[in-house]
Amino acid sequence: MSRTRFAVLVASVPLVAFTLVGGFLGREAAGQNPYRHLRILEDVVSLISSNYVEDVDLGEVMDGALRGLTEGLDGDSAYLSAEDVERIESGRPLPEGGIGVEVRRRYYLQVVAPLDGSPAARAGVLPGDFIRAIDGEPTRFMSSIEGQRLLRGEPGSTVTVSLIRGSTQEPYDIDFVRERLIEPAVSHRLAAEGTGYVRVASLGPGMSEAIANAVDQLVVDDDATRVVLDLRNSATGTYEEALAASRAFVPGGTLAIRQEHGDRQTPLALPPGTGFDLERLEDPGRSYRVGSPAIPGDSTAAAFGQPLVVLTNFGTAGPAEVFVAALAGRERAQIVGQRTAGRASEQKLIRLPDGTGLWLSSARYLTPDGEPIDRVGVVPDVAVDVALPELGEPLPEEDPILERALDHIAEAM
C-alpha cells in the first residue's frame, strides 16, 4: 500500500471512532442502546478489510482507532503501548537527561512549560509552543507519555525538536543537548522598596516549607510589607504540596474540591489544628509554620499575613493552578498575568489484556467555590498582554507582568 493512502486511512479511523463514541455517549445519556455504535465500529473495520483496494494491517488501523477514542477526552488521557505500560508499572525511571519541558497532547504535542534553567528555557521555548516532531518522528499520533519518553535520554546525548509557534507555517528545528534535570529551588529577593519577590518554579516535595521560609525572611530580614509570588511556568510537583503551600497563606476553610467519577466531590480543607491561628497573629513572639499547629517560634507570625500578588501565565499548570485558585478563591491574593493552562487533573493506568493500556484522567480539581480549573484555567484579576517573539529570536529583557504586578501591589497599599 502506498504511504499516502495508508496515512489517509489511519488518519480517518480515529475520526470515525471519535464520531461513533460521541454518538454512543449521547445515545447512552438519552437511554438508547449504548452498544449499537460499537457494532457499527465493528462493521466499519470489516468493510475496510473486505472492500479497500489494498491489503491493510488491521492491527495498525485499530491502534489508530483506539488512539482516537482517548484523544477526544483531554490532553493527558491516552492509549499506551505495551512498552509504556510496562515502564510505568515497573516504576522504571526515564533516563536522567532531558531538555526540560512538560508537554500535553493538543493535536500535536504542546509545551505546557519549560523548566527554569533547562536547555529548553535557555533556547527560548515558551508555553504553548507546538512540538511537530522529535528526531523526525511526527507527534500527530503521539501521547504525552510517549513524547516525554522520546525527549529523555542520557545526559550529553542530542535530540532534534521541531517547533511551531503562533501562525508559523514551517517548523523551527533546535538541536538540544540533554542535561541532567534538577528541580529548581525556591528563590527570593527584594524586588522594590517594601516588596518581596518569591520565585516558585515547582511545587515538588519540600516546596511549601521553602515558600514559607522565603516569605518569612523577606518580612523579617528585608522589612517587606507585601509579597509577589511568581508561579509562571510552574507545571510540576504534587497536589498535596500545592495544598500544603496554600495553608501558609489561607487561614481556614476549603482550599480546593476534588472531583471523581460520578461527580463525587470531596472538599479539601485545613486539617483540624493546623494552619495559622489568626487570633494569635497579634503576638509577635509566635510563629505559625506550614501544616503544623500554632506554636511559639523565633520569627514573626506576620510574615504570612502580608498582602499578596501571584503571577501567572499559560505555563502555570497542575498543582500550581490549585495553589493559585486556593489563594484567589479565598480572596487571599490578587492574580496578575495571563490565564493559566487549565490542566488540573490526575491520571491512572488501566492495563488491557494484550499488555497495552489506558492512561485516563480519573480526578479533577475545582476551585473552593466549585468552579472548574481543568480545561478552563484560572483567569487573572489583572490581565497583561505579552508579545511573543518569533522562534529563534531572543526573549525580551523587560518583564511586563512583573512590572504591572509591582505597580498593582504598590497601588493597593
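Just so it is clear, the values below take in all heavy atoms, side chains as well, and ignore hydrogens, waters and symmetry mates. We're numbering straight along the sequence, starting at 1.
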K.L.:
How about CG on D385, more than 12 heavy atoms from neighbouring residues, nucleotides or ligands closer than 6.0 Å, or not?
P.N.:
no
K.L.:
Hey, are E346 and K348 close enough for a salt bridge, meaning a charged N less than 4.0 Å from a carboxylate O?
P.N.:
no
K.L.:
Does Y197 have R189 sitting over its ring (NZ/CZ under 6.0 Å from centre, angle to axis within 45°)?
P.N.:
yes
K.L.:
Spell out, as yes or no, whether a donor-acceptor pair under 3.5 Å connects the side chain of T168 to the backbone of E170.
P.N.:
no
K.L.:
Nearest heavy-atom pair of R199 and D230: which atoms, and what distance?
P.N.:
NH1-O, 3.1 Å
K.L.:
Is the number of heavy atoms from other residues, nucleotides or ligands under 6.0 Å of R122 CZ greater than 12?
P.N.:
yes
K.L.:
Would you name the heavy atoms of H188 and V198 that are closest together and state the gap between them?
P.N.:
CB-CG2, 4.1 Å
K.L.:
Please give me the minimum heavy-atom distance between L231 and T316, naming the atom from each residue.
P.N.:
O-OG1, 2.9 Å
K.L.:
If you count the non-hydrogen atoms of other residues, nucleotides and ligands that lie under 6.0 Å from CZ in R149, is the total more than 12?
P.N.:
yes
K.L.:
Search all heavy atoms of L406 against all heavy atoms of A191 and return the closest pair with its distance.
P.N.:
CD2-CB, 4.0 Å
K.L.:
Can you find a heavy atom in the side chain of S143 that is under 4.5 Å from one in the side chain of Q148?
P.N.:
no
K.L.:
Taking T70 for the side chain and R67 for the main chain, is one N or O donor matched with an acceptor at less than 3.5 Å?
P.N.:
yes
K.L.:
Evaluate the ring planes of F130 and Y108, with Trp represented by its six-membered ring, and classify them as parallel (under 30°), tilted (30 to 60°) or perpendicular (over 60°).
P.N.:
perpendicular
K.L.:
When you look at Q110 and R104, which way does the side-chain hydrogen bond (donor to acceptor under 3.5 Å, both in side chains) test go after all the steps?
P.N.:
CA-CA 5 Å; Q110 186 181 38; R104 65 178 170 186; 3.2 Å; yes
K.L.:
If you look at every heavy atom in R178 and E154, which pair is closest and at what distance?
P.N.:
CB-O, 3.9 Å
K.L.:
Tell me the closest heavy-atom pair linking P127 and V112, and the distance in Å.
P.N.:
CB-O, 3.2 Å
K.L.:
Is it true that a side-chain atom of T139 and a backbone atom of M142 form a donor plus acceptor pair closer than 3.5 Å?
P.N.:
no
K.L.:
Determine whether a donor-acceptor pair (N or O, by modelled atom type, separation under 3.5 Å) exists between the side chain of Y239 and the backbone of F323.
P.N.:
no
K.L.:
Looking at side-chain heavy atoms only, is the closest gap between L80 and V85 below 4.5 Å?
P.N.:
yes
